[in-house]
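A quick write-up on the structure given underneath.
Values below: all heavy atoms of this structure, side chains included; hydrogens, waters and symmetry mates excluded. Small disclaimer: the values here were computed from a predicted structure and weren't measured.
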Amino acid sequence: MPDLCLLIVEDDRNLAGLLKYNLEKAGYTCRHAATGEEALAELRSKAFDLVLLDLMLPGIDGFEVCRRIRQDPLFGEVPIVMLTAKGEEIDRVLGFELGIDDYVVKPYSPRELNLRIRAILKRDRRHRHQEPRALLRSGGIEVDIGRHTATLDGQPLTLTLMEFKLLTLLLRRKGQAQSREVLLSDVWEVDREINTRTIDTHVTRLREKLGDAGRRIVTVRGLGYKFDETGEDGHAG
């Protein structure tokens with residue numbers, strides 16, 4: 001295993017110490033931050049391969065830390081695993097909407113956590129070595145994957161991470177119907193525990209931001225969605 005450095009963000013020092021011990025035993029190098037502010041300072045001073053982020057933190061909570069990480073051009077792409085005692089669906093949905101890579105509910109086994117970390121790091125390395133198509137276009141919509149930007153008729157679109165990924169996937173698979181389950185797996189990169197109706201909410205928001213062009217995201221009755229340049233029946237139920 002190459003030298004991989006993980007940042008543990010956990011205010012419970014006993015739990016953080018145990019987590020650090022188990023991960024270092026598995027071959028990782030670990031640093032610890034007890035607050036969100038400390039975590040952001042660590043990320044600005046050193047490159048990390050993955051962040052293990054507790055949700056309930058003093059000061060700014062884990063959701064806000066995640067939001068600030070994803071908005072920072074310096075370290076915004078670092079994989080994030082959220083560790084928390086809160087297992088409600090709304091918390092998991094919010095976490096994935098903000099761009100986390102996995103959500104692990106306490107208590108968890110060190111072996112399971114290590115396997116999840118390995119899977120994410122493997123996927124992240126594969127993603128970084130891919131050569132995606134630089135530009136995706138349809139009419140006035142243009143997505144620049146490399147720069148992570150989207151425009152409509154030359155004007156910037158303000159999209160969340162998940163809206164950007166959803167639009168990118170639909171453009172890449174233009175004309176192909178995508179089930180909600182497939183979108184959940186390929187956009188959110190999860191296949192369990194999240195209600196597929198989350199997809200509908202994001203599609204609605206994306207359509208609104210695209211204005212008239214939003215009609216090109218067509219509902220496939222009883223299945224999911226597809227991107228159709230004709231935009232016929234785009235808002236059928």
field: salt bridge (Lys or Arg N to Asp or Glu O under 4.0 Å) against Glu64, all qualifying residues, sequence neighbours excluded
entry: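 So Glu64 forms a salt bridge (Lys or Arg N to Asp or Glu O under 4.0 Å) with Arg67, Arg68.
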
message: I'd like to check the salt bridge (Lys or Arg N to Asp or Glu O under 4.0 Å) partners of Lys209; sequence neighbours left out, ordered by chain and number.
response: Glu163

message: Taking OH in Tyr108 as the centre, count heavy atoms belonging to other residues, nucleotides or ligands within less than 6.0 Å. Is the count above 12?
response: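 Correct, the count exceeds 12.
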
Residues in side-chain contact (heavy atoms from CB on, under 4.5 Å) contact with [X], at least two apart in sequence or another chain:
X: Thr201; value: Arg205
X: Gln178; value: Leu169, Leu170, Arg173, Gln176, Val182, Leu183
X: Leu94; value: Phe63, Glu97, Leu98
X: Thr168; value: Leu136, Val143, Ile145, Phe164, Arg172

- prompt: Applying ring pair (Phe, Tyr, Trp, His ring centres under 6.0 Å), which residue pairs with at least one partner in residues 202-221 are found, sequence neighbours left out?
  reply: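 The answer is Trp188-His202.
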
Distance from [X] atom [atom1] to [Y] atom [atom2], nearest 0.5 Å?
X: Ile69; Y: Leu53; atom1: CD1; atom2: CG; value: 6.0 Å
X: Arg118; Y: Leu50; atom1: CZ; atom2: CG; value: 12.5 Å
X: Asp61; Y: Cys66; atom1: CG; atom2: SG; value: 10.0 Å
X: Asp153; Y: Asp212; atom1: CG; atom2: CG; value: 9.5 Å
X: Asp144; Y: Leu135; atom1: CG; atom2: CG; value: 5.0 Å
X: Leu115; Y: Glu112; atom1: CG; atom2: CD; value: 8.0 Å

message: With side chain to side chain contact (heavy atoms under 4.5 Å, CB included) as the criterion, how do Leu19 and Leu83 come out once you've worked through the C-alpha distance, each side chain's angles and the decisive distance to 0.1 Å?
response: CA-CA 11 Å; Leu19 187 55; Leu83 305 177; 3.8 Å; yes

For [X] and [Y], work out which heavy atoms get closest and say how close.
X: Asn22; Y: Pro110; value: ND2-CG, 3.7 Å
X: Gly36; Y: Leu57; value: N-CD1, 4.1 Å
X: Ile217; Y: Leu206; value: CD1-CD2, 3.6 Å
X: Gly99; Y: Leu161; value: CA-CD2, 3.3 Å
X: Pro156; Y: Thr151; value: CA-CG2, 4.0 Å

field: Between Thr160 and Arg70: side-chain donor-acceptor atoms closer than 3.5 Å
entry: no

- request: Establish, from distance only, whether the side-chain atoms of Tyr28 and Asn114 form a donor-acceptor pair under 3.5 Å.
  value: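 Tyr28 vs Asn114: donor-acceptor pair found between side chains.
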
Pairwise side-chain contact, [X] with [Y], heavy-atom cut-off 4.5 Å (strictly under):
X: Leu184; Y: Phe96; value: no
X: Thr219; Y: Arg207; value: yes
X: Leu167; Y: Leu159; value: yes

Side-chain donor-acceptor pairs of residues 8-17 under 3.5 Å, sequence neighbours excluded:
residue : atom : partner : partner atom : Å
Glu10   : OE1  : Lys106  : NZ           : 3.0
Glu10   : OE2  : Asp12   : N            : 3.0
Asp12   : OD1  : Asn14   : N            : 3.1
Asp12   : OD1  : Leu15   : N            : 3.1

- request: Group every Ile, Leu, Val, Met, Phe, Trp and Tyr by side-chain heavy-atom contacts under 4.5 Å, then state whether Ile80 and Met56 land in the same group.
  value: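 Yes, Ile80 connects to Met56 through the hydrophobic network.
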
I'd like to know if the side chain of [X] reaches the main chain of [Y], judged simply by a donor and an acceptor atom lying under 3.5 Å from each other, with no hydrogens or angles considered.
X: Arg116; Y: Leu113; answer: no
X: Arg31; Y: Cys5; answer: no
X: Lys174; Y: Phe227; answer: no
X: Arg216; Y: Leu210; answer: no

Quick one: list whatever passes side-chain hydrogen bond (donor to acceptor under 3.5 Å, both in side chains) with [X], sequence neighbours left out.
X: Glu142; result: Arg137
X: Thr204; result: none
X: Thr29; result: Asp3

message: Checking side chain to side chain contact (heavy atoms under 4.5 Å, CB included) between Pro79 and each of Leu52, Val51, Ile100, Asp101, which is the one that passes?
response: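 For Pro79, the side chain to side chain contact (heavy atoms under 4.5 Å, CB included) test succeeds with only one of Leu52, Val51, Ile100, Asp101, which is Asp101.
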
task: Take Phe75 and Phe48, measure what side chain to side chain contact (heavy atoms under 4.5 Å, CB included) needs, and give me the verdict at the end.
output: CA-CA 8 Å; Phe75 47 77; Phe48 289 90; over 6 Å; no

